[in-house]
Amino acid sequence: MSLFGQDRSFLHALPAADRRSLLAEGARRVYEPGEVMIRERDTSAYVLALLSGWSVVSVGTERGSRLILALRGAGEVVGDLAAVDRGPRSASVTALGTVEAVAVSGDRFRRFLAARPHATALIMRQLATRLRSADVERRALASETVLQRLAARLVELAERAGRRADGGTVLDLPLPQHDLAAAIGATREAVAKALRLLREQDVVRTANRTVVVLDMPVLVLLAQGRARPGGNPADESPPGV
Ligand SMILES: Nc1ncnc2c1ncn2[C@@H]1O[C@@H]2COP(=O)(O)O[C@H]2[C@H]1O
């Protein structure tokens, strides 16, 4: 499962001349931390090419909570679905920190793609990656414990946003810790319980906005469902964890 996009973002994969043309089609915008850049179900159709900062893609749930679908950063485009299919916005996109972007109207973005088959192919690849990731996510939700899903998320965040320090891998989370629950489709209580298990076994250490992974090999095994907290095969996870 993956919160992040492809290694090579849309803007970076475009030839430099095309990248300049696309950015010249739009207007620069700066979003403050927490500002909604795109609102779920809106009928707007602009595309945002992200220049810097992190944004979070999420949907509201029936229970009034939110489910985090993805994190998007510099070089990526968001808002492509409405621009392509002219439907309402499929999700909200919110700035995590300050985000700098260029907003290109849906019409201009479609014209840009129509004139450049390789750019259209990149968008198709992005959609394919997203669909694959959504399939993996559905399987995880249907079959994995909260502990396993949390471990997998932490491994991913460590690989993509981790740095070696403090005797482990420090995750300077682009995501506040309390959003971890929203990122694995679990309740906060279940995530707090899973984190406690990981802490008790010295697999992670947690502080305000950071998580330090102390034992990556065990975290990876937990993510793969090949280890149990405490390492005792008889030590079954309680239901929901
Ligand atoms: N599962 C997802 N993964 C990554 N990005 C998404 C996902 N779902 C929606 N988005 C992005 O969020 C945007 C919301 O507005 P759009 O539907 O126009 O386009 C959407 C995509 O760019």
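Predicted model, so just to flag it, every value in this text is computed and none were measured. Remember, it's 1-based here, ligands and their atoms both numbered in the order they're listed.
The nearest heavy-atom contact from the protein to atom 8 (N) of ligand 1 is Leu69 CD1, 3.7 Å. The protein non-hydrogen atom at the shortest distance from atom 5 (N) of ligand 1 is Arg130 NE, 3.5 Å. The nearest heavy-atom contact from the protein to atom 14 (C) of ligand 1 is Ala91 O, 3.3 Å. Atom 13 (C) of ligand 1 has as its closest protein heavy atom Gly79 N, 3.8 Å.
Residue contacts with ligand 1 for Arg89 involve both N, CA, C or O and side-chain atoms from C-beta outward (heavy atoms, distance under 4.0 Å). Counting heavy atoms under 4.0 Å from ligand 1, residue Ser90 touches it through both backbone and side chain. If you look at Val57 next to ligand 1, the close heavy atoms, those under 4.0 Å, all belong to the side chain.
Side-chain contact between Val204 and Leu171: absent, with no pair of heavy atoms (C-beta onward) separated by less than 4.5 Å. Side-chain contact between Met37 and Leu50 is present, with at least one heavy-atom pair separated by less than 4.5 Å.
Residue contact annotation: Ala134 has no non-hydrogen atom under 4.0 Å from ligand 1. A heavy-atom separation below 4.0 Å is found between Arg72 and ligand 1.
Near Asp80, with a cut-off below 4.0 Å to any heavy atom, the atoms of ligand 1 are 19 (O), 21 (C), 22 (O). Listed by atom number, the atoms of ligand 1 under 4.0 Å from Ala70 heavy atoms are 3 (N), 4 (C).
The one candidate from Thr94, Thr98, Leu48 that meets the side chain to side chain contact (heavy atoms under 4.5 Å, CB included) condition with Tyr31 is Leu48. Under the side chain to side chain contact (heavy atoms under 4.5 Å, CB included) test applied with Tyr46, the options Asp107, Val78, Ile38 reduce to a single match, Ile38.
Scanning all heavy atoms of the two residues, the minimum distance from Phe112 to Asp18 falls at CE1-O, 3.5 Å. Smallest separation of non-hydrogen atoms from Leu51 and Ala74: O-CB, 3.3 Å.
Arg89 places a side-chain N or O within donor-acceptor distance of the main-chain N or O of Ser44, the cut-off being under 3.5 Å. A donor-acceptor pair is defined here as one N or O able to donate and one able to accept, closer than 3.5 Å; no such pair exists between the side chain of Ser65 and the backbone of Thr61.
Distance check: Ile68 CD1 to Arg153 CZ gives 9.0 Å after rounding to the nearest 0.5 Å.
By the 3.5 Å distance cut-off applied to N or O atoms, Ile38 is not counted among the residues near ligand 1. Considering backbone and side-chain atoms together, Ala83 places no N or O closer than 3.5 Å to any N or O of ligand 1.
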